[in-house]
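I'd like to ask some things about the structure below.
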Protein chains: 2
Amino acid sequence: MALPRAARTQRRTRIQEAKEEQILEAALEVFSLHGFRGATVDQIAEVAGMSKPNLLYYFRTKEAMHRALITRVLDTWLDPLREFDAGGNPVSEIRSYIRRKLEMARDFPRESRLFANEILQGAPNIEDELKGPLKALVDEKAEVIRTWAKAGKIAKCDPYHLIFSIWSTTQHYADFDVQVRAVLGQDQSGDGRFEDAARFLEQLFLNGLHINEQPT
Amino acid sequence: MALPRAARTQRRTRIQEAKEEQILEAALEVFSLHGFRGATVDQIAEVAGMSKPNLLYYFRTKEAMHRALITRVLDTWLDPLREFDAGGNPVSEIRSYIRRKLEMARDFPRESRLFANEILQGAPNIEDELKGPLKALVDEKAEVIRTWAKAGKIAKCDPYHLIFSIWSTTQHYADFDVQVRAVLGQDQSGDGRFEDAARFLEQLFLNGLHINEQPT
DNA sequence: TGATAATTTGACCGGTTGGTAAACATTACA
DNA sequence: TGTAATGTTTACCAACCGGTCAAATTATCA
């Protein structure tokens, strides 16, 4: 008798691992473009290059697929913030945080859009994740920023809104890519816009926080 | 014989005007939450308080409804940027642009999400609008900003990325509202976060552009 | 090899989808 | 008022949806 993914207790075979990867890759493609309700299992199966029943052999429901995907993406998505170091100096920490987020927008736009779609549609499936782990992490880093401000290393500001503004400005280049390209024109169809964006955002945030590049 | 909306040449009756308004209001609610493919005509009809065939009497297809909605929203969405005045001084112009965008995020979050959904899903229906009228308007305002920079009124910066960053930071409070609330906690469930955001963003952009509040 | 488990497929199911046809009800107006 | 245009509803359709099933195929390994 066939044992679908969820019922297994033993370790996964090579085929299982490969196929699940293949499916999640296709699911990322489709979910990130159409959202959960707008995506169809048939479409995901087609992109994954397999039949629908075959796909459903590995993930028993559309929702299970989406859940697996969201969990994985949310986790890696927070990595740049986790690296944010309390011991470092504000200039390099904020600068490299912006750079990392911008690199993710450039290299993993589908992951960003998947996440954006989920939030945009009310985050029905990850509200707990947001109020739990995400909030905890942001609270921790906000405290670091507040400490810097109190020590006079950066201008006094609301650390939460600072984080929001870094998120939004960087993710904009993934989520609103179509608009960005339309406005910039086709000359900028390469990756030049990411370098321009990095330059601008560094200027904006470092000056905006009165950081003068002086070694601390 | 009944003449649905698209075939009419005479002026609209009071009933038509009222019903179409009622439908677009419901469509805004549903499309902004689920995107085009995720929304269903039945659902829109239910929110609008009428039967599905009745709704389809005014808008013959789901797509026609969506098109009408997008066109209207896109137009009003650009109003704040249109008000951006070349003759004004940088401080008040940039500050009030941020304020207007933030007010729209607070007062018309559904419109913002509708637009975000559309862009996120590749803007299949409004690419021309983006490359045409939108680009033209942004080009014009970018030139204003560039003039200010050359006159030494603000720091030298890429005007396009400046506009992008104002868009993204302000719209973030509409599009990612669920996340913002989750991170800030329930204490901030009122409108306080918009005032905090306004204060932070003004600080960020005015300092970021080296604008020192001096009257020009 | 052969037998057993894992994988893949085509046919199919009940429910939902966007949209239609035509009968019925209401309004506008001569 | 009458009547023609406008507006609304019930019943319905074919296509598509997520998901199931049993049969067929392939991999595993004693």
Side-chain angles (χ1 to χ4, degrees), chain A residues 1-24 26-27 29-31 33-70 121 124-125, chain B residues 1-24 26-27 29-31 33-70 121 124-125:
Chain A
M1 178 180 62
L3 283 180
R5 168 156 179 36
R8 260 175 291 120
T9 50
Q10 308 280 17
R11 70 168 182 272
R12 295 149 68 198
T13 68
R14 268 160 246 103
I15 289 184
Q16 282 162 10
E17 213 149 324
K19 291 278 169 169
E20 284 171 14
E21 201 55 40
Q22 195 176 334
I23 290 168
L24 288 181
E29 183 73 29
V30 178
F31 279 132
L33 208 54
H34 299 294
F36 181 75
R37 287 181 47 165
T40 73
V41 176
D42 293 81
Q43 205 180 349
I44 297 170
E46 193 192 328
V47 173
M50 62 182 74
S51 66
K52 183 169 63 171
N54 194 187
L55 184 153
L56 288 167
Y57 169 74
Y58 292 99
F59 294 91
R60 269 133 80 125
T61 64
K62 181 183 175 185
E63 206 193 317
M65 232 162 51
H66 189 250
R67 201 166 30 231
L69 199 54
I70 282 277
Q121 307 190 357
N125 301 317
Chain B
M1 178 179 63
L3 283 179
R5 169 157 178 37
R8 259 175 293 120
T9 50
Q10 309 279 19
R11 70 167 182 275
R12 294 149 69 198
T13 67
R14 266 161 247 104
I15 289 184
Q16 282 163 10
E17 212 148 326
K19 291 276 168 165
E20 282 171 15
E21 200 56 40
Q22 195 176 333
I23 290 169
L24 288 180
E29 183 73 28
V30 178
F31 278 131
L33 209 53
H34 300 293
F36 180 75
R37 287 180 48 165
T40 72
V41 177
D42 294 82
Q43 204 179 349
I44 296 170
E46 193 193 326
V47 173
M50 62 181 76
S51 66
K52 182 170 62 169
N54 194 187
L55 184 154
L56 288 167
Y57 169 74
Y58 292 100
F59 293 92
R60 268 133 79 126
T61 65
K62 181 184 176 184
E63 205 193 316
M65 231 162 53
H66 189 249
R67 202 165 31 232
L69 198 53
I70 283 277
Q121 307 189 356
N125 301 317

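Sequence lines set the chain letters: A, B, ... in the order given, protein chains first and strands last, and positions in each chain run from 1.
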Could you list the protein-to-nucleotides 10-15 of chain C atom pairs, N/O on both sides, closer than 3.5 Å?
none

Examine C:dT8: is either OP1 or OP2 under 4.0 Å from a nitrogen or oxygen in the side chain of A:Y57? Give yes or no. no
Kindly indicate whether the side chain of B:V47, heavy atoms from C-beta on, has any atom under 4.5 Å from the side chain of B:V30.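 They are in side-chain contact.
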Not counting sequence neighbours, list each pair that qualifies as a salt bridge (Lys or Arg N to Asp or Glu O under 4.0 Å) and has a residue in residues 61-70 of chain A.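 Of all non-adjacent pairs touching residues 61-70 of chain A, those that pass salt bridge (Lys or Arg N to Asp or Glu O under 4.0 Å) are A:E63-A:R67.
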When the distance from CD of A:E20 to P of C:dT8 is rounded to whole Å, what number comes out? 11 Å
Round to the nearest Å and state the distance from A:K19 atom NZ to C:dA6 atom C1'.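 It is 12 Å, rounded to the nearest whole Å.
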Does C:dT9 have its OP1 or OP2 closer than 4.0 Å to a side-chain nitrogen or oxygen of A:N54?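 True: A:N54 side-chain N/O within range (under 4.0 Å) of C:dT9 OP1/OP2.
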Take atom CE of B:M50 and atom P of D:dT10, then tell me their distance rounded to the nearest Å. 14 Å
Kindly say if B:Q16 contacts the phosphate of D:dT6, meaning a side-chain N or O under 4.0 Å from OP1 or OP2. no
Would you find more than 12 non-hydrogen atoms of other residues, nucleotides or ligands less than 6.0 Å from A:Q43 atom CD? yes
Let me confirm one number: the CG-CD1 distance from A:L69 to A:I23, rounded to the nearest 0.5 Å.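 Nearest 0.5 Å value for the CG-CD1 distance: 11.5 Å.
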For A:D42 and D:dC16, give me the distance from atom CG to atom P, rounded to whole Å.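 Answer to the nearest Å: 10 Å.
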What is the separation between atom CZ on A:F59 and atom C1' on D:dG18, rounded to the nearest whole Å?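 Roughly 16 Å, once rounded to whole Å.
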From C-beta outward on A:L56, which listed nucleotide comes closest to its side chain: D:dG18, D:dT8, D:dT20? D:dT20
Would you say B:K19 and B:Y57 make side-chain contact, with heavy atoms under 4.5 Å?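 No, side chains not in contact.
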Inter-residue atom distance A:E20.CD - A:M65.CE, 0.5 Å rounding: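 Output value for this atom pair is 12.0 Å.
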Using a heavy-atom distance cut-off of less than 4.0 Å, which residues of residues 34-41 of chain B contact DNA chain C?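 Under 4.0 Å from DNA chain C: B:A39, B:T40, B:V41.
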Round to the nearest Å and state the distance from A:L55 atom CG to C:dT8 atom C1'. 12 Å
Length of the CD-P vector between A:E17 and C:dA6, whole Å: 16 Å
Should the pair A:F31 and A:H66 be assigned to parallel (<30°), tilted (30 to 60°) or perpendicular (>60°) ring geometry? perpendicular
Is there a side-chain contact between B:Y58 and the phosphate of D:dT6, meaning an N or O under 4.0 Å from OP1 or OP2? no
Roughly, in whole Å, what's the span from CZ in B:R60 to P in C:dA21? 11 Å
Once rounded to the nearest 0.5 Å, what's the spacing between atom CG of A:L55 and atom CD of A:Q22? 9.5 Å
Taking the side chain as C-beta and beyond, is there a heavy-atom pair between B:T40 and A:R37 under 4.5 Å?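 SC-SC contact between B:T40 and A:R37 confirmed.
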